[in-house]
> 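Submitted below is the structure of interest, expressed as structure tokens.
Counting begins at 1 with the first residue of the sequence.
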Amino acid sequence: TIVLCLYMKNNTAVQTEEFTPTELRLFNALMTRPGRTQTRQSLLEQAWDVPVGTVVSTRTVDMHVKRLRSKGIVIQSIRGFGYRIKPVFN
């Protein structure tokens with residue numbers, strides 16, 4: 001597991017959470033394009049290194065998004081398409 005400390009704008013530590021390597025890769029994949037919606041398939045390819053055309057259940061992404069949300073990460077669901085993280089800072 002990896003420990004990640006989340007900070008506010010004024011550099012005050014808000015919380016410390018433990019992330020599995022897979023959760024961290026998914027978080028990183030979402031953060032590479034903040035504010036832009038990414039499909040479940042795209043997230044599978046980025047976070048799990050699943051080659052294009054490989055059949056893997058996209059429910060795997062849903063389960064890991066749920067875990068990230070339980071750790072305080074705000075992830076928006078875009079019905080019928082995928083997920084995105086809203087940019088926190090302007």
> Do Leu68 and Phe19 make a side-chain contact, defined as non-hydrogen atoms from C-beta onward lying under 4.5 Å apart?
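Answer yes - side chains close enough.
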> To the nearest 0.5 Å, what is the distance between OG1 (Thr37) and CG (Leu30)?
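So the OG1 of Thr37 and the CG of Leu30 are separated by 10.0 Å.
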> For residues 55-68, which residue pairs qualify under salt bridge (Lys or Arg N to Asp or Glu O under 4.0 Å), counting only residues two or more places apart or in two chains?
Arg40-Asp62, Arg59-Asp62
> In chain order, what residues pass the side-chain hydrogen bond (donor to acceptor under 3.5 Å, both in side chains) check against Ser77, with sequence neighbours excluded?
Arg69
> Applying ring-ring contact (aromatic ring centres under 6.0 Å, His included) as the test, list every pair that has at least one member in residues 60-82; sequence neighbours left out.
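Those involving residues 60-82 are Trp48-His64.
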> Within this structure, what is the CG-CD1 distance for the pair Leu26 and Ile73, rounded to the nearest 0.5 Å?
10.0 Å
> Are Met31 and Leu44 co-members of a hydrophobic cluster defined by side-chain heavy atoms under 4.5 Å apart?
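Yes, because Leu44 and Met31 connect within a single hydrophobic cluster, where side-chain heavy atoms sit under 4.5 Å apart.
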> Among all residues two or more places apart in sequence or in another chain, which pass the side-chain hydrogen bond (donor to acceptor under 3.5 Å, both in side chains) test with Gln46?
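Expected list: Gln38, Ser42.
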> What distance do Ile78 atom CD1 and Arg36 atom CZ have between them, rounded to the nearest 0.5 Å?
12.5 Å
> Who passes side-chain hydrogen bond (donor to acceptor under 3.5 Å, both in side chains) against Thr22, sequence neighbours left out?
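Residues passing side-chain hydrogen bond (donor to acceptor under 3.5 Å, both in side chains) with Thr22: Arg25.
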